[in-house]
Amino acid sequence: MSKIITKDSIRKRLLIKRKGLGQDVISKKSAEIFENLLKIDKFLHAKSILLYLPINNEVETRKILDYSRSKDQEIYLPAYFNGKWVCSKFDSETDLISGPYGTMQQPKKSGQIEGNLDLAIVPGVGFSNTFVRLGYGKGVYDRLLSESSATKIGLGFEFQILEDIPFEPHDLKMDFVVTNRGVLSV
Ligand code: ADP
Ligand code: MG
């Protein structure tokens, strides 16, 4: 009898594994992921980038943030206002307030992107070799980027990449997945 693999069972397994990572491992692998990200021209040349600040042992983004600032790339973060997630311009860490799920976000509904983002760098619970992204099960990024033409780059640790993940029509597909081992591109 074939076993039906659900998104939820994959989520649970991957989240338990990620929870068990030590801070030193996360930092080391995140630094390797940053080095691999630098191999993507679309990252180097992007003018506007949606980034995230990690929660729950997600890949760290500190080095990405510092690099992008040094290159004067505009950084946006997801922010939740009036029941909706939007991309909000990020200026200073000191201004951030708590958002849903332990995230940090811009305090005011201002500085939303005009037109389109060049690039979106997103965390994930898992990614497949076929560029499907698995999130926490809330569909946050599926909704946030459903209309976006941004190049989408998922960041994950090597163990988060699976052969296959169930795909639904609303699911966001990645253009690149970057791990500590290298870059997968469509
Ligand atoms: P995740 O992407 O976080 O892993 P799912 O893909 O399972 O989560 O989606 C979670 C929920 O969000 C689903 O019930 C799905 O129908 C809903 N959803 C996702 N994208 C959209 C969308 N663009 N519009 C409306 N609902 C959506
Ligand atoms: Mg989804």
Side-chain angles (χ1 to χ4, degrees), residues 2-21 26 29-30 33 37 42 48-61 64 75-88 90 96 98-106 109 112-180 183-186:
S2 70
K3 200 169 131 200
I4 296 165
I5 314 260
T6 62
K7 280 186 177 180
D8 224 41
S9 66
I10 300 172
R11 261 184 210 113
K12 285 205 178 94
R13 180 164 60 79
L14 291 177
L15 283 172
I16 286 170
K17 191 151 179 184
R18 198 173 66 183
K19 208 171 178 185
L21 297 178
I26 291 171
K29 290 188 193 294
S30 295
I33 288 165
L37 182 66
K42 285 203 161 146
S48 56
I49 301 177
L50 175 72
L51 193 62
Y52 66 92
L53 301 177
I55 54 169
N56 306 327
N57 288 359
E58 288 168 347
V59 173
E60 288 172 356
T61 53
I64 302 172
I75 297 292
Y76 293 78
L77 294 176
Y80 190 76
F81 297 109
N82 308 324
K84 203 169 177 289
W85 286 90
V86 295
C87 301
S88 207
F90 176 55
L96 299 180
S98 301
Y101 317 120
T103 55
M104 297 299 285
Q105 68 167 68
Q106 296 295 112
K109 189 173 182 180
Q112 250 104 95
I113 181 105
E114 306 261 341
N116 236 310
L117 289 162
D118 291 335
L119 198 78
I121 296 176
V122 306
V125 173
F127 299 96
S128 73
N129 279 322
T130 49
F131 298 90
V132 173
R133 173 183 176 276
L134 182 73
Y136 292 107
K138 308 285 185 195
V140 171
Y141 280 98
D142 291 333
R143 286 189 186 84
L144 184 64
L145 297 174
S146 64
E147 307 282 305
S148 176
S149 63
T151 298
K152 294 158 193 92
I153 303 182
L155 305 186
F157 303 113
E158 181 67 12
F159 73 87
Q160 292 177 279
I161 314 304
L162 307 180
E163 201 55 51
D164 217 9
I165 290 176
F167 176 73
E168 297 173 272
H170 65 253
D171 278 324
L172 199 64
K173 278 211 150 187
M174 299 291 108
D175 298 297
F176 297 86
V177 176
V178 182
T179 74
N180 45 300
V183 177
L184 300 169
S185 63
V186 175

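Numbering of ligands and ligand atoms starts at 1, following listing order.
Nearest heavy-atom pair, Thr61 versus Leu53, reported as atom, atom and distance to 0.1 Å: OG1-CA, 4.1 Å. Across every non-hydrogen atom of Val132 and Phe167, the tightest pair is CG2-CD1, 3.6 Å. The two residues Leu162 and Arg13 have their closest heavy-atom pair at CD1-NH2, 4.1 Å.
Considering backbone and side-chain N/O of Leu134, none are found under 3.5 Å from N/O of ligand 1. No N or O atom of Ser146 sits closer than 3.5 Å to an N or O atom of ligand 1. Not one N or O of Arg133 is nearer than 3.5 Å to an N or O of ligand 1, by distance alone. Annotation: Val140 places no N or O atom under 3.5 Å from an N or O atom of ligand 1; distance criterion only.
No more than 12 heavy atoms of other residues, nucleotides or ligands lie within 6.0 Å of NZ in Lys138, so this atom counts as exposed by the packing criterion.
At a heavy-atom distance under 4.0 Å, only side-chain atoms of Asp171, from C-beta outward, approach ligand 1. By the criterion of a heavy-atom distance under 4.0 Å, neither the backbone nor the side chain of Tyr141 is placed next to ligand 1.
A heavy-atom distance below 4.5 Å is not found between the side chains of Ile49 and Ile64. Using a 4.5 Å heavy-atom cutoff, the side chains of Pro123 and Val59 are not in contact.
For Asp142, the N, O or S atom with the smallest separation from the Mg ion (ligand 2) is OD2. The N, O or S atom of Asp171 lying closest to the Mg ion (ligand 2) is OD1.
In terms of protein heavy-atom proximity, atom 20 (N) of ligand 1 is nearest to Asp142 CB, 3.3 Å. Distance from atom 19 (C) of ligand 1 to its nearest protein heavy atom, with residue and atom name: His170 CD2, 3.2 Å. The shortest contact between atom 22 (C) of ligand 1 and any protein heavy atom is with Arg143 CG, 3.6 Å.
One side chain, Asn116 or Ser148, offers a donor N or O that lies under 3.5 Å from an acceptor on the other.
Of the possible polar contacts, none joining the Lys173 side chain to the Asp171 backbone as a donor-acceptor pair under 3.5 Å is found.
Atoms of ligand 1 lying under 4.0 Å from any heavy atom of Lys7, numbered from 1 in the order shown and given with element: 5 (P), 6 (O), 7 (O). Of all atoms in ligand 1, numbered sequentially from 1 with element shown, those under 4.0 Å from a heavy atom of Arg11 are 1 (P), 4 (O), 5 (P), 7 (O), 8 (O).
Going from atom CG of Leu77 over to atom CH2 of Trp85 covers 10.0 Å, rounded to the nearest 0.5 Å.
For atom 3 (O) of ligand 1, a protein heavy-atom neighbour is found at a distance under 4.0 Å.
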